[in-house]
Protein chains: 2
Amino acid sequence: MPRAANQDHGISASDPAASTAAGAADRAPTIKDVAEVAGVATSTVSRALSNPDRVNRRTRERIEQVAAQLNYVPSSQARGLSSGRTNAVALLVPDVTNPFYFDIIRGTQNQLKAAGYTQLLVDTEESAEMELDALQKMRRSADGFILAASRLTDAQLAEVSDTQPLVTINRASSNTPTVVIDTPSAMIQALEHLASLGHSRICYVGGPPTSWSNAKRWKSFEDESRDRGMTTFRVGPFAPKTTSGAAAADAAARTGATACIVFNDLLAIGMLQRLRERGIRVPEDMSIVGCDDIFGADFCNPPLTTIASPIEQAGRVAVSMLLAQLNPLQGGSSRRLAVMPTHLTVRASTGPAPTA
Amino acid sequence: MPRAANQDHGISASDPAASTAAGAADRAPTIKDVAEVAGVATSTVSRALSNPDRVNRRTRERIEQVAAQLNYVPSSQARGLSSGRTNAVALLVPDVTNPFYFDIIRGTQNQLKAAGYTQLLVDTEESAEMELDALQKMRRSADGFILAASRLTDAQLAEVSDTQPLVTINRASSNTPTVVIDTPSAMIQALEHLASLGHSRICYVGGPPTSWSNAKRWKSFEDESRDRGMTTFRVGPFAPKTTSGAAAADAAARTGATACIVFNDLLAIGMLQRLRERGIRVPEDMSIVGCDDIFGADFCNPPLTTIASPIEQAGRVAVSMLLAQLNPLQGGSSRRLAVMPTHLTVRASTGPAPTA
DNA sequence: AAATGGTTGGCAAGCGATTGCCAAAATTTG
DNA sequence: CAAATTTTGGCAATCGCTTGCCAACCATTT
């Protein structure tokens with residue numbers, strides 16, 4: 001391979017063979033250039049590159065060689081225009097700032113890349129309106145959407161869902177393929193854990209009122225704790241940020257509960273700080289359980305007991321489900337619902353109930 | 001506005017006026033549909049929408065109204081194909097997993113969205129090869145690139161840089177517009193801080209050998225500490241992950257230094273954990289200074305003294321510089337270099353040198 | 001009233017692929 | 001060896017939008 005050097009550094013607009021043969025010196029080579037050099041029609045090049053079986057092996061190999069030589073990269077724009085596909089998937093998250101979504105972003109990113117798709121990242125700023133707007137505006141630029149913790153109403157979701165391929169994460173609703181993280185089932189573990197430590201007065205610290213997960217967690221908390229005859233409290237709603245932790249901690253402390261199950265780790269970590277400031281010891285005076293097991297939950301002070309979720313994996317599964325929807329090649333109706341298992345990870349923020 | 005209801009929920013393929021007037025019931029409306037309904041040529045619609053001054057105000061208003069009514073969204077593909085622009089910018093980061101890049105992602109995301117651009121996120125997995133590959137493959141799908149902590153060599157960078165618009169973050173090199181975070185200058189503060197606490201044996205804990213920032217930090221550390229007559233050590237390289245913290249902590253402890261300045265917070269946080277496990281108290285036995293002030297640096301245990309960087313802002317500035325490069329409208333040669341100021345944030349991981 | 005020059009809007013040629021349709025070539029079959 | 005298939009590859013229409021060029025129109029100016 002005499003062109004190894006060029007291949008090595010990847011950029012080779014100046015490849016002598018290329019410029020000689022293809023004519024145009026500067027401009028990025030098009031399918032036409034490849035066709036010309038290879039001595040075939042553009043349609044053949046197109047097929048050779050994206051539908052290999054439609055073309056003779058030897059022709060294909062020659063074309064591939066020429067393409068590589070010219071450093072040809074098909075224009076995704078042109079390809080999209082004529083094929084109707086974009087090979088891009090948009091990921092809509094309420095807040096790029098939140099570590100929980102980082103893990104989702106990471107998961108989808110990996111899986112999409114593996115499948116040859118591009119990820120379009122959009123921050124919807126916790127607003128249903130922006131979500132709808134993005135969905136609308138990007139209709140043509142993405143083949144499908146992944147909505148993480150969508151703020152849409154069921155009706156809106158249903159409407160969007162039959163207009164375009166999408167899958168939601170942590171937002172179930174009939175008709176829309178979804179991956180949910182099964183926090184509720186781990187709620188049982190969390191309550192058992194607290195009960196075994198002697199706690200009976202427990203407070204749920206609520207997240208955003210528009211959050212579906214928050215509603216689910218609260219409901220599950222309530223059902224399970226009632227079954228166990230515990231005394232429950234609820235405070236909130238609070239924004240899912242560490243800075244809301246102070247207010248949350250104060251409110252929770254006032255209830256007289258000895259343990260809190262907090263909507264998410266971010267808020268829980270914020271509470272940890274405030275409680276320390278106020279001299280309320282964790283876990284001696286108050287136990288704290290978070291949700292999600294985000295980055296940081298293991299090294300905060302004290303390390304947080306939390307309901308651990310396979311967040312990144314949820315992102316990956318969402319992508320798989322979406323891709324299955326986009327390319328219904330191999331039979332077998334793809335899943336409409338994936339439930340990701342969770343489990344309680346006990347660290348140092350929970351301990352025996354104060355005996356006082 | 002009789003269509004308020006439809007506008008409200010954004011999706012209105014079934015708008016009666018729309019389907020009547022434009023004919024096609026289902027298919028997304030094209031510029032042609034708009035032109036037809038408005039009674040003008042497609043070229044006029046195109047101009048009205050993207051070059052408002054080229055068209056009479058009243059015509060434009062009518063067109064805008066029709067477009068809104070039909071819920072017309074131009075196809076970015078088609079637009080890109082004919083105009084040559086994509087309205088997308090690719091952000092290449094070595095590792096989406098690393099919180100440092102989260103902040104950059106966040107910054108670029110915000111700024112790009114504000115400017116009407118889409119962000120294409122790519123994880124290059126710390127590999128120069130993948131970086132080059134992405135740069136190559138996405139040539140046509142992005143108007144420009146932002147390289148965060150590029151792993152390219154100067155030569156590669158230069159070559160890419162004159163092929164396509166790009167700006168680097170934390171990777172200076174002539175010819176390429178760059179935003180650098182001025183950690184070195186804060187290195188002085190860090191050393192003064194440690195000196196004032198009585199430390200004189202200081203260890204630099206190194207990051208990835210291919211990292212430009214790492215080289216800069218090390219050099220600055222060495223220069224400044226020599227000037228101050230301190231005894232220095234160096235350990236590494238280590239991968240910039242908390243999991244490398246154990247090895248880093250062990251290596252650093254073995255040097256006999258009483259304080260460490262660590263390549264980044266991630267590694268520093270990892271070290272904190274290991275030191276605690278080993279019973280080496282921070283800061284009583286060993287002081288630790290990190291770099292970046294990432295999410296988590298303020299709530300780890302103990303909270304980390306670190307060289308704080310305006311990371312998110314760096315992302316925003318990078319976008320501005322890139323956009324200035326893409327649209328050299330208003331005169332005034334745009335900056336080729338932006339230096340983001342840093343400062344030392346003292347928390348609890350540094351303290352007086354052990355008197356032993 | 002004719003000349004001038006600035007606006008406004010239409011025509012049509014691309015942009016770079018994909019793909020349905022068809023004919024030539026190669027292969028199999030009777 | 002001819003007929004029937006199957007492969008292979010080219011033609012040309014399209015996708016939806018932008019933009020250079022030009023003609024019609026309008027309001028001034030002389």
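Here is the naming used below: chain letters follow the sequence lines, and residue numbers restart at 1 for every chain.
Between A:Asp95 and B:Arg106 there is no salt bridge, since no side-chain N of the basic residue sits under 4.0 Å from a carboxylate O of the acidic one. A salt bridge links A:Lys113 and B:Glu125; the closest N-O separation between the charged side-chain nitrogens and carboxylate oxygens is under 4.0 Å. A salt bridge is defined here as a Lys NZ or Arg NE, NH1 or NH2 lying under 4.0 Å from an Asp or Glu carboxylate O, and B:Arg151 with B:Glu131 fails to meet this definition.
B:Arg336 CZ to B:Thr176 OG1: the interatomic distance, rounded to the nearest 0.5 Å, is 7.5 Å. Rounded to the nearest 0.5 Å, atoms CD1 (B:Ile105) and CG (B:Leu121) are 4.5 Å apart.
Taking 4.0 angstrom as the limit, A:Arg54 places none of its side-chain polar atoms (N or O) nearer than this to OP1 or OP2 of D:dT6. Applying the 4.0 Å criterion to OP1 and OP2 of C:dT19, one finds that A:Arg85 has a side-chain N or O inside that range. The side chain of B:Thr44 contributes an N or O atom lying less than 4.0 Å from OP1 or OP2 of C:dG10. For A:Thr30 and C:dC15, the shortest distance from a side-chain N or O to OP1 or OP2 is not below 4.0 Å. The phosphate of C:dG9 has neither OP1 nor OP2 within less than 4.0 Å of any side-chain N or O from B:Ser43.
The residue A:Ser75 sits close only to the backbone: its heavy atoms come under 4.0 Å of sugar-phosphate atoms, none of a base. Within 4.0 Å of B:Arg47, counting heavy atoms only, lies at least one base atom of the nucleic acid. Among the protein residues, B:Arg58 comes within range of no part of the nucleic acid, since none of its heavy atoms lies under 4.0 Å from any strand. Among the atoms of the strands shown, only primed sugar atoms or phosphate atoms (P, OP1, OP2) are found under 4.0 Å from some heavy atom of B:Thr59.
Comparing C:dG16, D:dG9, C:dT18 against the side chain of A:Asn56 picks out D:dG9 as the nearest. Closest to the side chain of B:Ser50, from the set D:dT18, C:dT19, D:dC17, is D:dT18. Closest to the side chain of A:Ser82, out of D:dT18, C:dG16, C:dG9, is C:dG16.
When the C1' atom of D:dT18 is taken as reference, atom CG of B:Leu49 falls 12 Å away, rounded to whole Å. Per the geometry, CD belonging to B:Glu36 stands 16 Å off C1' belonging to D:dC17, to the nearest Å. Following rounding to the nearest Å, A:Arg79 (CZ) and D:dC17 (P) show an atom-to-atom distance of 21 Å. When the P atom of D:dG16 is taken as reference, atom CD of A:Gln77 falls 15 Å away, rounded to whole Å. Counting to the nearest Å, the P atom of D:dT14 and the CD1 atom of A:Ile31 are 19 Å from each other. The separation between B:Leu81 atom CG and D:dG16 atom P is 12 Å, rounded to whole Å. When the C1' atom of D:dC15 is taken as reference, atom CZ of A:Arg140 falls 10 Å away, rounded to whole Å. The separation between B:Lys32 atom NZ and D:dT18 atom P is 15 Å, rounded to whole Å.
Residues B:Arg140 and B:Thr86 approach most closely at O-CG2, 3.3 Å, considering heavy atoms.
Nearest-nucleotide mapping onto DNA chain C: of A:Ser83 and B:Arg57, the residue sitting toward the 5' end is B:Arg57.
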